[in-house]
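In what follows, chains carry the letters A, B, and so on, assigned in the order in which the sequence lines appear, proteins first and then strands, with residues in each chain numbered from 1. Quick caveat: nothing in here was measured; it's all calculated off a predicted structure.
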Protein chains: 2
Amino acid sequence: MHQKKEIINKLRSSNLRPTKQRILIAKKLFDKKETFHFTAETLNKVVNRKGQTKISLATIYNTVEAFKKAGHIREILTNNSKSYYDTNIKSHHHFYDPETKKLTDIDYQEVILKKIPNPPKGKKIKDLEVVISLQKK
Amino acid sequence: MHQKKEIINKLRSSNLRPTKQRILIAKKLFDKKETFHFTAETLNKVVNRKGQTKISLATIYNTVEAFKKAGHIREILTNNSKSYYDTNIKSHHHFYDPETKKLTDIDYQEVILKKIPNPPKGKKIKDLEVVISLQKK
DNA sequence: ATTCTAGTTTATAATTATTCTAAACTAGTA
DNA sequence: TACTAGTTTAGAATAATTATAAACTAGAAT
Ligand SMILES: [Mn+2]
Ligand SMILES: [Mn+2]
Ligand SMILES: [Zn+2]
Ligand SMILES: [Zn+2]
């Protein structure tokens with residue numbers, strides 16, 4: 001559970017002004033017991049529920065991009081046409097079900113990589129993602 | 001090196017009529033020493049080089065989808081807005097450089113998975129992909 | 001060989017996700 | 001309180017892909 005102050009600090013520490021919109025979005029993303037996966041579309045729905053002050057879709061996209069750059073969320077690999085994001089920024093992996101388009105976390109320790117290749121020269125590894133696609137048995 | 005007959009058989013065996021367009025596209029994709037990665041856009045450029053009979057972009061998309069369904073090509077996971085495909089259908093992995101948007105093959109044996117999780121019940125594993133994103137050192 | 005038809009190709013429109021634009025607004029400092 | 005750089009916003013623009021429906025054709029039947 002984040003306090004409003006914590007959220008404001010989080011924003012400030014990444015050089016993002018704590019605007020009304022960013023604070024609300026940050027609450028929806030980070031003030032949860034569990035991490036989760038989302039798209040711009042699903043976040044927009046959650047943020048713009050009836051009653052709440054409206055936040056434009058452009059701001060949803062801007063904020064998601066800003067939070068991603070700041071490392072508060074990460075993008076997940078899928079073959080879907082829309083971008084999927086994760087509030088879990090720790091290294092972990094995913095099941096992906098192309099039928100339901102749902103992602104499920106795989107705990108980091110559930111995948112053990114015994115050997116990985118050296119990156120090409122001049123490059124280092126930014127991230128390693130394992131995606132296991134599923135199908136009906 | 002595929003002969004035209006082999007290509008026609010490949011098409012026939014997947015219930016695809018060997019049309020002029022599909023044969024030409026199949027040649028560009030499969031009649032190569034090395035496998036490679038492509039997008040609808042790059043394939044369209046290769047197929048519609050000056051002189052050659054023109055194939056519509058709709059047919060490029062239709063054919064890529066048909067070849068994918070038939071298992072002759074596979075889609076690769078990336079965070080790019082366009083779809084990437086691979087003429088290498090054997091299980092293998094990729095480096096992805098977000099700067100250049102280039103994919104590089106990682107030989108299957110260069111990644112050793114010591115442990116992978118059980119799929120959720122009712123589901124089986126269709127595919128396991130490892131994508132290693134790169135950044136400047 | 002000719003006819004027939006389901007499958008295929010095509011130009012073009014439509015759709016979808018995302019990014020751009022530039023005017024209005026606001027957080028934070030002076 | 002006034003200022004200004006950063007932010008939000010509605011709406012337009014873009015980019016990739018998919019849908020539409022008319023014209024074409026592979027291949028089977030005659
Ligand atoms: Mn994606
Ligand atoms: Mn992709
Ligand atoms: Zn996750
Ligand atoms: Zn490959």
Given atom [atom1] of [X] and atom [atom2] of [N], what is their separation to the nearest angstrom?
| X | N | atom1 | atom2 | answer |
| --- | --- | --- | --- | --- |
| E41(B) | dA15(D) | CD | C1' | 10 Å |
| E65(A) | dC20(C) | CD | C1' | 14 Å |
| N79(A) | dT18(D) | CG | P | 12 Å |
| L24(A) | dT9(D) | CG | P | 11 Å |
| I55(A) | dT7(D) | CD1 | P | 15 Å |
| L11(A) | dT26(C) | CG | C1' | 15 Å |
| I25(B) | dT8(C) | CD1 | C1' | 12 Å |
| I8(A) | dT7(D) | CD1 | P | 15 Å |

Within 45° cone and under 6.0 Å: K10(B) NZ/CZ vs F30(B) ring: yes

Note, D105(B) side chain near D86(B) side chain (heavy atom, < 4.5 Å): yes

Which nucleotide sits closest to the side chain of [X]: [options]?
| X | options | result |
| --- | --- | --- |
| T59(A) | dT10(C), dA16(D), dT8(D) | dT8(D) |
| K82(A) | dT10(C), dT9(D), dA17(C) | dA17(C) |
| A58(A) | dA19(D), dT8(D), dG11(D) | dG11(D) |
| N62(A) | dA19(D), dT18(C), dT8(D) | dT8(D) |

D107(B) side chain vs Q109(B) backbone, donor-acceptor pair below 3.5 Å: no

OP1 or OP2 of [N] less than 4.0 angstrom from a side-chain nitrogen or oxygen of [X], does that happen here?
| X | N | value |
| --- | --- | --- |
| R12(A) | dG28(C) | yes |
| S83(A) | dT18(C) | yes |
| Y61(B) | dT17(D) | yes |

Ring geometry between H72(A) and F67(A) (parallel below 30°, tilted from 30 to 60°, perpendicular above 60°): perpendicular

Parallel, tilted or perpendicular, as decided by the 30° and 60° cut-offs, for the rings of H37(B) and H92(B): parallel

Donor + acceptor pair across side chains of Y96(A), N79(A) (<3.5 Å):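 Side-chain D/A pair, Y96(A) to N79(A): absent.
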
DNA chain D contacts among residues 13-23 of chain B, heavy-atom distance under 4.0 Å: R17(B), P18(B)

Among T63(B), T35(B), V64(B), L43(B), the one residue meeting side chain to side chain contact (heavy atoms under 4.5 Å, CB included) with I73(B): V64(B)

